[in-house]
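Here the structure comes first, spelled out in structure tokens, and everything after it is commentary.
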Amino acid sequence: MTDMHFLAPANPPEKVSLEGLEDKWAKNWDDAGVFAFDRTADKANIYSIDTPPPTVSGSLHVGHVFSYTHTDVVARFQRMCGKEVYYPMGWDDNGLPTERRVQNYFGVRCDPTLPYTENFVPPFEGGDNKSSKAADQLPISRRNFIELCEKLTAEDEKQFEALWRRLGVSVDWKQTYQTISPDAVAVSQKAFLNNLARGEAYQSMAPTLWDVTFRTAVAQAELEDREQPSAYHRLGFNGPDGKIFIETTRPELLPACVALVAHPDDERYQPLFGKTVRTPLFDVEVPVVAHRLASQEKGSGIAMICTFGDVTDVIWWRELDLPNRAIIGWDGRLISEAPEAITSEKGKEVFAELAGKTTFSAKQRIVELLQESGDMVGEPKPITHPVKFFEKGDKPLEIVSTRQWYIRNGGRDESLRDELIAKGKNLAFHPDFMRVRYENWVNGLTGDWLISRQRFFGVPIPVWYALDADGNPDYDRVLTPSHDLLPVDPSSQTPAGYTEDQRGKANGFIGEVDIMDTWATSSLTPQLAGGWIADPEKFAKVFPFDLRPQGQDIIRTWLFSTLLRSHQEHGELPWTNAAISGWILDPDRKKMSKSKGNVVVPAEPIDNHGADAVRYWAASARLGTDAAFDEGMMKIGRRLAIKLLNASKFALSFEPSDKNAKVTEAIDQSLLLNLAEVVNEATKAFQSYDHTKALEVAEQFFWNFTDNYLELVKERAYGHGEYTSAEQSSAALALRKALHTMLRLFAPFLPFATDEVWAWWQNTGSIHRAAWPTAEELLEGLDGSNIALLELSKEALFGLRKAKSDAQVSMKANVESATLVSPATVLTELRKLEADFKAVGKIETLNFEEGEEFAVKDVVLAPAEEV
RNA sequence: GGUCGUAUGGCGCAGCGGUAGCGCACUUCCUUGACAUGGAAGGGGUCACUGGUUCGAUCCCAGUUACGACCACCA
């Protein structure tokens, strides 16, 4: 191998600086297509990344910068290893966050009954993110609403892209997708139809967790428990032998009571099992039943079962085969019709009074009535207890019986669950223990995945239903489109064999109005990013993906659902590796979140410290580990980047005087021998997704290089004094070789500074397409026995510096004489350093002496006047 | 209540079966011709607690405590 490319003259600028490097190199990379994916590459040679599509519904924060840096570092490493990296970017512009944001930003809300308005101008633009009252929002058609969604998300996407470019995320910007695009809708619908055809998707009329604000069903994965104030109300039921007292936090559900329940082993209530009691106020006869989920300790040990107060009610209702007397409507208010079971005049009267009230008002009123009638004992007893909320909602969830679509996820099928657990074992989680979160979630599933949402902005469920002779939908006759027609909107398109005028008519059809859960589309990011429908040839090359980077909080949603869909659709894992980033905490180690108001806008640290510095901070945190927002760390990163520029400029200022330069000197060989080990360590670390280790070893070597080696050999590299041309050339060449390798080791972390230096002296294009360094390229022609010398030289320098520091003189102070003491074997090595050491230490006479321990002694400084 | 993770100098983190390291901060010094956005030399920790294994534990095992996360619990 020729060393010619090391010898090329370098042209660093007069004064080096980090300023402006981001813009300069971001543009260069874009112009030269450095990160463009070459689709002609062999599948085996492609490294594909299933990028998290950021939710384009609000502002970015440093958490994005953090995790995207982790991914980018891997992408750049793989690219330098010769892989053709498929690194697309997606935008998640579906779902409630976008819908909400559009409502507030433009002051509108969607009313699907309204007609489309041409050239619609919203009431205003740029509203804040606080929720405004629905009454203040202008109702507009669904199509107008979606247009506004698209308008707003397009603006957001531009901002996101600009930030990623500044940060140096090496995405191929020609490879992007949006979850709202027609292609994404088609992918989502096709996958759903395949699920349907295979029997994995089905519809069911069932009690469903329901958000009364958004008026939509929500899925298990979207639940969140919140501690809420509540109160126990002690109510007396009329039993055969007197009053039975129960305690309830939901007295307003008394008209929906279908039974009382106690634990089978509870001796207090065993005599009542099989008998009936009558409800207070409504005088409805209900059975007393036994069930293992009833707790003897809670309340009075006997509870009323209502349709439906909580999920336990649903279990009891289902397992005990009880009647349904649901009284909560879609709007969260009590329905107008009393359940048929209420037959007494008084009961009907009471219900009529409650009808139409919110649960809150109904509760207040029924408590008054119960107290008046004497059926309630004492005052409500305040407690706090956890209540299920939709994670984005602000009212407790109700349970409402509705017809919904589900996808089988193993929640009701042990064998599928086992298959999914087994699949998870083949996925390499980084860090490995994150797999536990996945397994916990799979094992804790309580039902199938509810994917239908009663919203307007999203992917329509692509089916119609036939209407019978009376004009009622026959939900068993699901009409589906053929795949080549996708995407479809069943509310404006017709199923095959029908015409539009048959919509809603007897023997005609109706379109499904629901849309799919946002995860139903997000779970298909490998298919979206890979071009499953649009570009099957590409898809075959990039799928399964090599890497899924994501946050730990969405293992149960995004990771799980993606794995599930891939298992169903392709029978294999969607990726081989999952890299899980930790949280960003504020400097007080609290999790950053909008509600706490401690979110840092990501452009700020980049402005203040530079992209390389911010990347350094992010890359210093290991996968799966939370990290504090730490500007101190960014300063260190900035210092490293600046040092890299300066040290490079200095090292490159030395040119080998010998055209056939060889690294001949022992200390120069030692440098490269040590660097070869660093290369091996860094490579190994990267291969096991331990980027912090790779950075650490490179950084440690680099500082030793500048602080010690460079100091030690610079006199020789200058060619000062008695050095021969070969000796001078050895140093100069070693410096260049080391730099050539170190720059590449740093390239994934500090892409701007490293490409800047690379461009000073290499004509080979971007460093980010240069080959990842190998130990072999460094080791050629070296004598391995010299390896320890670098460390020895460091020790010797420390000793000398300490002597000068103790004497409080400049490091440049002349020394008349000094003695190096060391064991005999080491002494032989140290003698090889004599000339360099004398030169750097300005030592007149250097003595060597044999001794037990290494030391620098007898340092005699020259009189100050002679300096 | 279950599971997982974390616990190392003031702060942020490495580490490892053989009596502790790095960076920041701190102290002192050096305005050296790559870099004052710099450099050098220092001080500072009984590695959360209690047991066990071992010749020897910060590192392995068991338990405890604290913190974080996820899940479960909603009468």
Side-chain angles (χ1 to χ4, degrees), chain A residues 12 15-19 223 225-228 230 232-233 235 246-251 253 260-262 293-295 297-306 309-313 316 383-388 396 431 433-441 443-446 552-553 555-556 582-583 585 587 589-591 609-610 613 617 620-622 624-628 630-633 635-636 638-654 692-693 696 699-700 703 706-707 710-711 714 718 797-798 800-813 842:
Chain A
K15 168 92 177 160
V16 303
S17 165
L18 293 176
E19 308 317 318
L223 301 183
D225 285 358
R226 294 183 202 160
E227 282 293 329
Q228 292 290 305
S230 183
Y232 282 137
H233 303 75
L235 309 186
I246 62 109
E247 299 210 353
T248 179
T249 56
R250 303 288 307 266
L253 292 178
L260 296 190
V261 64
L293 285 182
S295 162
E297 287 77 39
K298 269 183 198 159
S300 55
I302 187 163
M304 70 171 183
I305 302 175
C306 304
D310 60 39
V311 288
T312 318
D313 277 342
W316 282 327
I383 56 159
T384 59
H385 67 162
V387 177
K388 285 199 193 309
F433 65 79
M434 287 294 177
R435 179 182 293 100
V436 176
R437 296 185 185 224
Y438 167 80
E439 292 180 352
N440 282 351
W441 177 252
N443 286 321
L445 289 168
T446 57
Q552 54 194 310
D553 52 328
I555 288 175
R556 63 182 185 150
W583 297 116
L585 311 172
R589 300 206 65 76
K590 299 214 173 60
K591 188 187 159 189
H609 307 283
W617 158 73
S620 298
R622 296 191 297 174
T625 307
D626 296 345
D630 186 352
E631 298 207 84
M633 209 62 169
K635 285 181 184 158
I636 298 165
R638 184 175 175 82
R639 193 176 63 137
L640 174 64
I642 292 170
K643 192 75 173 182
L644 197 63
L645 296 180
N646 278 310
S648 299
K649 182 185 163 196
F650 187 44
L652 289 170
S653 70
F654 305 114
T692 51
K693 182 80 180 172
E696 191 187 308
E699 193 183 358
Q700 199 188 353
W703 284 109
T706 59
D707 293 347
L710 195 42
E711 289 295 322
K714 70 182 178 187
Y718 274 126
L797 274 175
F798 281 176
L800 183 70
R801 284 171 184 158
K802 181 164 170 53
K804 290 188 177 180
S805 188
D806 287 349
Q808 300 199 347
V809 297
S810 159
M811 291 298 137
K812 244 198 137 175
K842 311 275 182 200

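Proteins get letters first, then strands, A, B, ... in listed order; numbering begins at 1 in each.
Using atom P as the reference point in both B:A69 and B:U58, the two lie 31 Å apart (nearest Å). Here the separation of B:C24 from B:U37, taken at their P atoms, is 16 Å to the nearest Å.
Panel note: side chain A:H233, backbone A:T248; a donor-acceptor pair is recorded below 3.5 Å.
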For nucleotides 21-25 of chain B, which of its nitrogen or oxygen atoms have a protein nitrogen or oxygen under 3.5 Å away, and what is each distance?
residue	atom	partner	partner atom	Å
B:C24	OP1	A:R639	NH2	3.2

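Atoms CH2 (A:W617) and C1' (B:C13) sit 15 Å apart, rounded to a whole Å. Rounded to whole Å, atom C1' of B:U32 lies 9 Å from atom CD of A:E711.
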Pairing pattern in dot-bracket form [Watson-Crick, G-U; both distances under 3.5 Å; | = partner strand] for RNA chain B
(((((((..((((.......)))).(((((.......))))).....(((((.......))))))))))))....
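Look at A:R622 and you'll find a side-chain N or O under 4.0 angstrom from OP1 or OP2 of B:A14.
A donor and an acceptor atom never sit less than 3.5 Å apart when one is taken from the side chain of A:N440 and the other from the base of B:C4.
When heavy atoms are screened at a 4.0 angstrom cut-off, A:V436 is found touching the sugar-phosphate backbone but no base atom. Using a 4.0 Å heavy-atom distance criterion, A:Q552 is classed as making no nucleic acid contact.
Under a cutoff of 6.0 Å and an axis angle of 45°, A:R435 and A:W441 do not form a cation-pi pair.
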